[in-house]
Amino acid sequence: MGEVKLSRKKAKRQELMQRKLASQPKTDPNDPRPRHKVELRALHEKLRKLREERDLMGSSLEQRQKKKEMTKAFMQMEVDFKARTEAEFQAYLDNLSPAKLAEHERKVKDGIESNIP
């Protein structure tokens, strides 16, 4: 009985994923923006866990110093991620054919796409 429920749930989940994929517009497989979104979510989750760990630290001199170092490390992670994604997106735009680039610019103008990675 339990296995039947699990298989039904799994089948339903797969069906929902298929519908979601079918409803999404076809994008260029070289476009880094979908991957960047996934990586950004993972980075936010990682930072959230690290911030929780930092917030549990006490207020002794050593722990306050460690908190400062952690905060600076968090900021550096975010800056590095932003710089990397911007560079990858710019490289993607530089490698587009003139027709695809014109289409992308039209979509940006119409508000369909964004130039923000």
Side-chain angles (χ1 to χ4, degrees):
M1 182 83 174
E3 292 178 21
V4 173
K5 284 186 179 180
L6 286 177
S7 63
R8 285 181 189 164
K9 285 182 180 180
K10 189 175 183 180
K12 189 171 184 176
R13 190 177 323 123
Q14 286 177 344
E15 181 183 339
L16 288 172
M17 288 301 292
Q18 290 296 329
R19 273 196 236 150
K20 184 177 178 183
L21 289 173
S23 68
Q24 291 178 347
K26 304 295 182 230
T27 59
D28 184 1
N30 296 324
D31 189 352
R33 289 174 291 181
R35 181 175 44 85
H36 289 165
K37 287 181 183 180
V38 172
E39 291 174 359
L40 183 61
R41 285 188 195 109
L43 177 68
H44 283 177
E45 183 65 24
K46 178 181 177 182
L47 290 176
R48 185 185 61 77
K49 288 178 182 178
L50 290 172
R51 284 186 175 113
E52 287 174 0
E53 180 182 316
R54 179 195 64 191
D55 292 343
L56 294 175
M57 291 180 149
S59 59
S60 70
L61 182 60
E62 296 84 22
Q63 289 179 337
R64 283 186 297 187
Q65 195 65 19
K66 180 70 174 167
K67 283 182 182 180
K68 281 184 181 180
E69 292 170 7
M70 289 176 81
T71 302
K72 287 180 183 178
F74 299 158
M75 291 175 15
Q76 190 60 44
M77 282 182 200
E78 291 173 342
V79 167
D80 292 345
F81 177 80
K82 184 172 175 101
R84 182 179 59 82
T85 56
E86 287 176 353
E88 287 178 1
F89 185 64
Q90 190 58 47
Y92 165 72
L93 289 179
D94 292 343
N95 290 330
L96 283 179
S97 67
K100 290 241 183 206
L101 187 58
E103 179 184 348
H104 169 72
E105 289 172 353
R106 181 190 56 77
K107 288 181 179 180
V108 168
K109 183 180 175 191
D110 293 342
I112 298 170
E113 282 188 4
S114 172
N115 264 336
I116 301 170

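Since this is a predicted model, take the numbers as computed values, not measurements.
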Going from CD on Glu78 to CE on Met75, what distance comes out if it is rounded to the nearest 0.5 angstrom?
-> 8.5 Å
When hydrophobic residues are tied together by side-chain contacts of less than 4.5 Å, even through go-betweens, does Met70 share a cluster with Leu43?
-> yes
Could you point out which residue of Arg51, Lys46, Glu45 forms a side chain to side chain contact (heavy atoms under 4.5 Å, CB included) with Lys49?
-> Glu45
Taking every non-hydrogen atom, the tightest pair across His36 and Phe89 = CE1-N, 4.4 Å
Quick one: pull up CZ in Arg54 and CZ in Phe74 and give me the separation to the nearest 0.5 Å.
-> 5.0 Å
Scanning both residues in full, the closest heavy-atom pair of Leu47 with Met77 reads CD2-SD, 3.7 Å
Hey, could you give me the CD/CG distance between Gln90 and Leu93, rounded to the nearest 0.5 Å?
-> 5.5 Å
Leu56/Glu52 under side chain to side chain contact (heavy atoms under 4.5 Å, CB included): CA gap, chis, key distance, verdict | CA-CA 6 Å; Leu56 294 175; Glu52 287 174 0; 5.7 Å; no
Pairwise distance CG(Asn30) to OH(Tyr92) - rounded to 0.5 angstrom = 7.0 Å
Mind checking side-chain hydrogen bond (donor to acceptor under 3.5 Å, both in side chains) for Glu53 and listing every partner two or more places apart, or none if nothing turns up?
-> none
Could you go step by step and tell me if Glu62 and Lys66 meet the salt bridge (Lys or Arg N to Asp or Glu O under 4.0 Å) rule?
-> CA-CA 6 Å; Glu62 296 84 22; Lys66 180 70 174 167; over 6 Å; no
Sorted by chain and residue number, the side-chain hydrogen bond (donor to acceptor under 3.5 Å, both in side chains) partners of Gln76 (sequence neighbours excluded) come out as Asp80
CD (Glu39) and CD (Glu88) are apart, to the nearest 0.5 Å, by 6.5 Å
Within one Ile-Leu-Val-Met-Phe-Trp-Tyr cluster: Leu40 and Leu50, side-chain cutoff 4.5 Å | yes
For the pair Arg64 and Lys68, evaluate side chain to side chain contact (heavy atoms under 4.5 Å, CB included) and give the outcome as yes or no after the intermediate values.
-> CA-CA 6 Å; Arg64 283 186 297 187; Lys68 281 184 181 180; over 6 Å; no
Rounded to the nearest 0.5 angstrom, the CE-CD distance for Met57 and Gln65 is 11.5 Å
